[in-house]
Number of protein chains: 4
Amino acid sequence: MEGKIYRPHFSTASDARVVRTRESLRRALLELLQSRPFEQITIREIAATAGIGYTTFFRHHPTKASLLDDIAAEEIRMLIEYLLSTFDTRNVKDSSLALCNYVADQRTLWSTLLTGGAAGTLRDEFIRVSKKVAEESQHTAGWLPAEVGIILVASGTIELLAWWLGQEHPIAVDKVATIYERAILSPVVMSSDD
Amino acid sequence: MEGKIYRPHFSTASDARVVRTRESLRRALLELLQSRPFEQITIREIAATAGIGYTTFFRHHPTKASLLDDIAAEEIRMLIEYLLSTFDTRNVKDSSLALCNYVADQRTLWSTLLTGGAAGTLRDEFIRVSKKVAEESQHTAGWLPAEVGIILVASGTIELLAWWLGQEHPIAVDKVATIYERAILSPVVMSSDD
Amino acid sequence: MEGKIYRPHFSTASDARVVRTRESLRRALLELLQSRPFEQITIREIAATAGIGYTTFFRHHPTKASLLDDIAAEEIRMLIEYLLSTFDTRNVKDSSLALCNYVADQRTLWSTLLTGGAAGTLRDEFIRVSKKVAEESQHTAGWLPAEVGIILVASGTIELLAWWLGQEHPIAVDKVATIYERAILSPVVMSSDD
Amino acid sequence: MEGKIYRPHFSTASDARVVRTRESLRRALLELLQSRPFEQITIREIAATAGIGYTTFFRHHPTKASLLDDIAAEEIRMLIEYLLSTFDTRNVKDSSLALCNYVADQRTLWSTLLTGGAAGTLRDEFIRVSKKVAEESQHTAGWLPAEVGIILVASGTIELLAWWLGQEHPIAVDKVATIYERAILSPVVMSSDD
DNA sequence: CTCTAATCGAGACGGTACGTCGCGTCTTACG
DNA sequence: CGTAAGACGCGACGTACCGTCTCGATTAGAG
């Protein structure tokens, strides 16, 4: 176990080379995801596209999925951070619009992730972070366990976005925001009313 | 000249041996799914567990996923058939209860599928069949495209069931049915009212 | 062991169907040999070409090679029978010519066999039959064991014929006969002079 | 994209591991050939015997036959190199003796190859190399095309050696050399006299 | 001319080996 | 003398062909 591959200190990843390498890897994976689904991409391809040695990949990520997790975690973190800064239980409508606008602004990135086989990873990461956030503000509803609410919102969000970004003919942001508000957010957020 | 693997006539699967073999395969996969997730199961294991030759597997399914699809399609078909026979737009509550009871009655099977890595397949199959059913009864809402409604209900259903069946301490059927009704079904089904 | 396949009575193969089937198999193999080497021909192809069922093949031959052996044995038997009827130690020249003429008369057949991967089988069969014939007329030379003589003549014959029939531009029968006499037959047959 | 199996640079096989691996493969095949014929040996066995991974085999040889060719080519090359250094058209007798002694000195190796199913490969390789050598010294006889001479000598050589090394009771080298000279070499080499 | 038994056709099946692919580890040659 | 290049072991995949095994359907040829 715990092979002998030389791994950079993950914690103190301050080394400029390390930063550069990891950034290359992320970019490479995202680039490849635009041409075919995640499972069909090999580590060798990622390394080649990133312009780094095959072995070097493993110095930064134990597995292919780990790199994707990295990307997903980062994007989800930024998304949720943004949402938290604008979120207001009283104003679900604005929050919905904010989310949709945020995603629309980075359409290419999210489109790539959601249609390239990373949807599952994003959803799981979404749930994970949401749970952590929810731990602080314990607002348990009567009929709806907080965990279920999170799962439903997270999966609903991912599904809706995936559908949206997968459409041939673009759909207006506010229409999607309306769907999001009425079919996904409200039913769960309003649960406390009961 | 007659290359490739000899595949039984999938359409005319009247041969007793073929029926037996396929049944064995389904059972074998379900059995194995109880011990570990789908991706960690090899075709060789399935064949061995089913008591059939490795090659024979491919005479019935081009890939491991195809067998799972088969099972998922069958279960989803039966589930939806059952639901359609009891469904009533006016009475969402009873439908919710019916669904939850149906799943609870086959707890082992659904638990295996939902927690064994087949959730995605089930969800996709759910969506596929739902779309086909929906084609007939075109009731498009104003703000909610039918397709989105289907996707949200399907994914919500799967997520909720997966959470339910994954709980350590059993949760009452009617509690889950309530969640299902209020957080998943109603928001979408009521859309036509608007 | 000794499986349960129903096999026609090999000894009393008087049944019209059996005779027909076997003849079809021989013809089919020879036909296929004209398009590609023996090892690349499958039993299924032979059966299909012969217009008989796959299983039926095994009712007549335990293996693919067995069918080829059959053909080779038959041709070698006829060739040697013919040679024996004209052979004369004193007149090696005429014998050589006789052999070459015999083969030239059935150019297609021998060409197929010799260039289709059956050369080895023919050679072995040639040796086998020759040994049996030689058992009767024991004429052992001093320096050359009869067995070696047979092997050298047989392999030399096959090699020369294979070369001959594989040439693009046809070569006159008498030229080949001369080579056969001087390079293959004489050196061995004359051995008794010593 | 970089598909296929990764093959070591055949030309620049300077890597110590590559050299080691290939040597292991040769030794493994020769070892196995002593117990059963070539066709009955599987690549998996060769790899296992050589102590290398199954896949690694294909990184060095596209097919099982290719490994045998390698060995055959090497041995034939060395044999012919040795013969050329001692060969003299005027002294066929000594050349014959030289050949027989050379083979006798490596009795085990040649015995393995000739009786293990590699005779055909050796013969073909013998012919191939001989042709290349003969291209330089164009001495075409009147009645005997050079190519035929080569084929007959090569096949005769292989057959005689195979018979010799296959005998239960050992046969003196000079006796074999005599046969070789009188029945195989002389008839062809003397052809130019005519 | 019939009837009985042998032969045949079809094809599902178990099995063995093949060659491919990708992963993750380990070694080595090279700068 | 450290590091990228890449050889290697591993294990699963899917293909190809083999030879066996049911079944019926057909067809000789003997009575």
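Below, chain A is the first sequence line, B the second, and so on; all start at residue 1.
Partners of B:Arg44 by salt bridge (charged side-chain N to carboxylate O under 4.0 Å, His left out), not counting sequence neighbours: none found.
With hydrogens and angles disregarded, no donor-acceptor distance shorter than 3.5 Å links the side chain of D:Thr63 to the backbone of D:Ser66. Using modelled atom types, one side-chain atom of C:Glu45 and one backbone atom of C:Thr42 make a donor-acceptor pair closer than 3.5 Å.
A heavy-atom distance below 4.5 Å is not found between the side chains of D:His61 and D:Asp69.
Side-chain atoms of C:Arg59 and base atoms of E:dG9 include a donor and an acceptor less than 3.5 Å apart. Judged by distance alone with a 3.5 Å cut-off, a donor-acceptor contact links the side chain of B:Thr55 to the base of E:dT16.
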Discussion item. Apply side-chain contact (heavy atoms from CB on, under 4.5 Å) to residues B:Gln34 and B:Thr108 and explain how you reach the verdict.
Written reply: CA-CA 9 Å; B:Gln34 295 185 34; B:Thr108 308; 4.2 Å; yes

Mind listing the N/O atom pairs, protein and nucleotides 28-31 of chain E, below 3.5 Å?
unit_1 : atom_1 : unit_2  : atom_2 : d
E:dT28 : OP1    : D:Arg20 : NH2    : 2.9
E:dA29 : OP1    : D:Ala16 : N      : 2.8

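Here the nucleotide nearest the side chain of C:Tyr54, chosen from F:dT15, E:dC18, F:dT20, is F:dT20. Taking only side-chain atoms of B:Thr56, from C-beta outward, the nucleotide of F:dC8, E:dA17, E:dC13 with the closest atom is E:dC13. The listed nucleotides are F:dG14, E:dG24, F:dT20; the one nearest the side chain of A:Thr63 is E:dG24. Nearest nucleotide to the A:Lys64 side chain, out of E:dG19, F:dC18, E:dC23: E:dC23. With distances taken from any side-chain atom of B:Val18 to the nucleotides E:dC13, E:dG19, F:dC18, the minimum falls on E:dC13.
C:Ile43 comes within contact range of the sugar-phosphate backbone alone, with a heavy-atom separation under 4.0 Å but no base atom that close. Nucleic acid contact for D:Gly51: sugar-phosphate only, since backbone atoms but no base atoms lie under 4.0 Å from a heavy atom of the residue.
When only modelled atom types and interatomic distance are considered, D:Arg27 and D:Ser24 share no side-chain donor-acceptor pair under 3.5 Å.
The separation between D:Phe58 atom CZ and F:dA7 atom P is 17 Å, rounded to whole Å. The nearest whole Å value for the distance from the NE2 atom in B:His61 to the P atom in F:dT15 is 14 Å.
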